[in-house]
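Quick caveat: nothing in here was measured; it's all calculated off a predicted structure.
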Amino acid sequence: PALLLAALAFVVAQMAVNDTVTREFDRRLAVNSALLVAYSEHHAEPQRCAALRAWVATPFFLPGYRALMVDGVNGSYQDHYGELFCSADMLSG
């Protein structure tokens with residue numbers, strides 16, 4: 001019984017930790033969802049630029065990854081819709 005109670009306590013504590021980590025990831029990476037929505041719903045360029053600007057400003061991504069993402073999203077959007085996702089310079093300043 002003591003081992004079962006210890007295992008149960010561990011499982012409950014682990015579930016609480018997992019929930020906290022998941023919520024923090026969701027909060028910190030909400031910019032990913034906003035960028036996906038702006039892309040997939042073909043928003044107007046000001047909204048697309050705002051979503052990309054918020055994504056670029058996220059401190060968790062390395063500068064090289066930011067540049068690749070900006071280039072990639074612009075190239076992909078141009079292939080699909082015939083225009084850049086955002087014509088503003090996202091990487092300077």
Could you check if a side-chain atom of [X] sits within less than 4.5 angstrom of a side-chain atom of [Y], using non-hydrogen atoms only?
X: M90; Y: R53; answer: yes
X: S87; Y: L84; answer: yes
X: V11; Y: M15; answer: yes
X: R48; Y: L35; answer: no

Item to check | Residue pairs involving residues 60-72 (criterion side-chain hydrogen bond (donor to acceptor under 3.5 Å, both in side chains); sequence neighbours excluded) | outcome: none
Checklist entry - Relative to the ring of Y39, is the ring of F85 parallel (under 30°), tilted (30 to 60°) or perpendicular (over 60°)? => result parallel
Checklist entry - Parallel, tilted or perpendicular: which describes the rings of H42 and Y77, with under 30° parallel and over 60° perpendicular? => result parallel
Next on the checklist: Please determine whether the number of non-hydrogen atoms from other residues, nucleotides or ligands lying under 6.0 Å from atom CZ of F25 exceeds 12.
Outcome noted: no
Checklist entry - Does CG in L3 sit with more than 12 non-hydrogen atoms of other residues, nucleotides or ligands closer than 6.0 Å? => result no
Please list, chain by chain and in numerical order, all residues satisfying side chain to side chain contact (heavy atoms under 4.5 Å, CB included) with [X], sequence neighbours excluded.
X: D89; answer: L91, S92
X: A44; answer: P46, Q47
X: V17; answer: Q14, V21
X: N32; answer: L29, W55, F61

Item to check | In one Ile/Leu/Val/Met/Phe/Trp/Tyr side-chain cluster, 4.5 Å: F60, L36 | outcome: no
Item to check | Derivation and outcome, side chain to side chain contact (heavy atoms under 4.5 Å, CB included), residues V56 and M69 | outcome: CA-CA 9 Å; V56 167; M69 183 65 161; over 6 Å; no
Next on the checklist: Given 3.5 Å as the limit, does a donor-acceptor pair link the side chain of N74 with the main chain of C86, or not?
Outcome noted: yes
Checklist entry - Distance-only, no hydrogens or angles: does the S76 side chain make a donor-acceptor pair with backbone N or O of G72 under 3.5 Å? => result no
Item to check | With sequence neighbours excluded, residues passing salt bridge (Lys or Arg N to Asp or Glu O under 4.0 Å) with E24 | outcome: R27, R28
